[in-house]
> 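Have a look at this one.
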Amino acid sequence: MRHPGKVLVTLVSVLVLIVTGFAWQQVDSLRSSLATAGGLDLGDGKDGAVDILMVGIDSRTDAQGNPLSQSELDMLRAGEADATNTDTIILIRIPNDGSSATAVSIPRDSYVQVPGLGMSKINAAYGETKALAQERLVEEGVDPAKADAESTKAGRHALLRAVADLTGITVDHYAEVGLLGFVLLTNAVGGVPVCLNAPVYDPYSGADFPAGPQTLDGADALSFVRQRHGLPRGDLDRIVRQQSYLASLAQEVLSADMLASPAKLNQLNSAVQRSVVVDSGWDIVGFARRLQDLSAGAVTFQTIPVQDPSGTSPDGESIVEIDPSQVHSFFEGLVDRGDGPEEQPADDGGGGSDDSSDSGDSGGSGEADDQRPLDVVPGNVTVDVLNSSAIGGLASSVSEALGSVGYGAGQVANYTGTPPAASQVRTAPASRDAATAVARALGGLDVVTDDAMMPGTVTVVLADQYAGPGSGSWSGTLVSGTDGVSGSGGPSASGGPATGGGQPGQATTQPGADHPVGPAVSADDGVRCVN
């Protein structure tokens, strides 16, 4: 029996060590002791970057094939199943000059074409192919040990081909991480800080944490990154947790205390030996030495575009719907720049114009702010603020301004997509009142509704012309935006033309928009609060 909800994100350890691998210069023993996998069909990095496929394996053995002890299994809450689940898949792109690293998550339930299986969840590529090949080889009389090795190779090949078909990227190197490695690596750095927007309790993963900042050791960190039950967006919120945790862990590994401690580096080395398998043609120590100038800020985390995270396959399975052409375009942009992919801009329904009167042509609600009092409690609304302007620190200032009138502080970060024509507040249709209150509080921003966003999610995107609370030019009185309003005209805080007497413009809907999992995460952003 499979336990998809218990699959763990153990590849975090090897990812961080690869992108901060200059510390391995003192660990030459790794070259001879690291487990390897041969016979894989890989690329050569001649497209301008090295592409590494990182796979988290829910295994009951270590990288050397030794069974985990019962105490280790108990600590991991791994259950009794022994299936080759690959429910965490990340493709990392590192330009040949080693200047940056972008890790792109592929949701485990992405419904894609899998060689030999047809349309299937991508996490079935490795496991199902291995199981079928092993059964066939055993029936043919092949020795069980040889059948296991050959079927494992077949599973890896199927996953590599599925990822290549989905992304248009030829994988150059392959790394596989057992679940024990996550715990060992996390403990080696002395725990990793995280922050939660709300308290969580999930008996499936073992996650039981209060809201706010906290530092987790390996076992608890494992529960933190594998929880998906009880999260607003399920696996998509789990991906955000993974990326936030990866960024925080990268910062810990890059700290002076870590790099100056031979004991901690040796502990990291030992953890990698027990839990990591890499392709046999990869001189991983030599490769790591090329990354000596890589800083935490040059490590970013993204996710492929998603059409519908709650889709259903023809046979009734829950799937994540993916448009391969969108994913190809996403990676083409990533290849062209050699760094992080741009987040696609939200469709404002007006062909790029900041005149929200066009919203009705794009399927928008066509409803302007009716200026009535709003039944919104600011303390129940968490607001993410993203800065697309050239004004440093603007998002932090705006977040603080909103906090002063009671709104909860969410993510504060730079916006990585194409800047919108005017500042805006984005939300799900069901949370339009909350977004309208925020828009009023910020001086009258446009409200953009998006069916792809979860109810309760409110995101402010700040453009260059923003002149509302938190900006240097603001001299008005801060309000919560929940009271009724009677505008007298004049420019809005967005810097665009006033609509509805200086109030937010018409809400627009983004038909066919992707389901975002959040802005790009950088390892130098600090500890982010997440769901």
Side-chain angles (χ1 to χ4, degrees), residues 1-11 13-14 30 32-42 52-74 76-90 108 114-118 120-164 171 173-184 271-282 284:
M1 179 179 178
R2 298 293 176 88
H3 295 274
K6 294 186 176 183
V7 179
L8 312 175
V9 192
T10 56
L11 66 133
S13 54
V14 72
L30 187 67
S32 59
S33 59
L34 196 60
T36 61
L40 301 180
D41 186 14
L42 300 169
I52 306 165
L53 182 63
M54 314 295 299
V55 182
I57 298 292
D58 187 3
S59 174
R60 275 65 177 171
T61 62
D62 64 17
Q64 312 299 330
N66 303 309
L68 302 183
S69 68
Q70 187 59 52
S71 62
E72 289 172 333
L73 291 172
D74 292 342
L76 300 174
R77 305 183 181 98
E80 300 301 324
D82 189 11
T84 309
N85 292 323
T86 57
D87 288 341
T88 300
I89 303 168
I90 297 181
R108 63 176 201 148
V114 176
L117 299 180
S120 179
K121 295 179 181 181
I122 197 167
N123 74 327
Y126 190 133
E128 293 296 330
T129 300
K130 172 180 166 61
L132 291 171
Q134 189 166 23
E135 181 180 6
R136 174 179 55 79
L137 290 169
V138 170
E139 289 178 352
E140 292 174 356
V142 176
D143 176 77
K146 184 176 181 181
D148 182 71
E150 290 299 316
S151 62
T152 296
K153 183 187 297 185
R156 290 168 176 156
H157 270 294
L159 178 58
L160 286 164
R161 289 178 58 194
V163 169
V171 174
H173 289 298
Y174 177 86
E176 195 176 283
V177 190
L179 55 86
L180 180 64
F182 182 90
V183 172
L184 297 179
V272 170
Q273 290 179 23
R274 281 206 67 190
S275 56
V276 177
V277 178
V278 299
D279 66 87
S280 57
W282 191 2
I284 198 166

> With heavy-atom distances below 4.5 Å as the criterion, would you say the side chains of E176 and L159 are in contact?
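Side-chain contact under 4.5 Å: no.
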> Can T152 and R156 be said to form a side chain to side chain contact (heavy atoms under 4.5 Å, CB included), step by step?
CA-CA 6 Å; T152 296; R156 290 168 176 156; 3.5 Å; yes
> Do you know which two heavy atoms are closest between A125 and A158, and how far apart they sit?
O-CB, 3.6 Å
> Which residues satisfy the side chain to side chain donor-acceptor pair (under 3.5 Å) test with H173, sequence neighbours excluded?
D279
> Dump the intermediate steps for side chain to side chain contact (heavy atoms under 4.5 Å, CB included) on V171 and L40, then the final yes or no.
CA-CA 10 Å; V171 174; L40 301 180; over 6 Å; no
> Would you sort out whether W282 and L42 count as a side chain to side chain contact (heavy atoms under 4.5 Å, CB included), showing the intermediate values?
CA-CA 10 Å; W282 191 2; L42 300 169; over 6 Å; no
> Write down the atom of K121, the atom of R108, and the distance for their closest heavy-atom approach.
CB-O, 4.0 Å
> What distance do E128 atom CD and N123 atom CG have between them, rounded to the nearest 0.5 Å?
8.5 Å
> Counting only heavy atoms not in D41, do more than 12 fall under 6.0 Å of its CG?
no
> Given the rule in the side chain to side chain contact (heavy atoms under 4.5 Å, CB included) test, do T129 and R161 qualify, once you have shown the distances and angles that lead to the verdict?
CA-CA 12 Å; T129 300; R161 289 178 58 194; over 6 Å; no
> What's the shortest heavy-atom distance between V278 and A175, and which atoms?
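Answer, listing the atom of V278 first, then A175: CG1-CB, 4.1 Å.
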> Using the side chain to side chain donor-acceptor pair (under 3.5 Å) criterion, which residues pair with D148? Sequence neighbours excluded.
K130, Q134
> Could you grab the distance from atom CZ of R136 to atom CD of E140, nearest 0.5 Å is fine?
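The CZ atom of R136 sits 5.0 Å away from the CD atom of E140.
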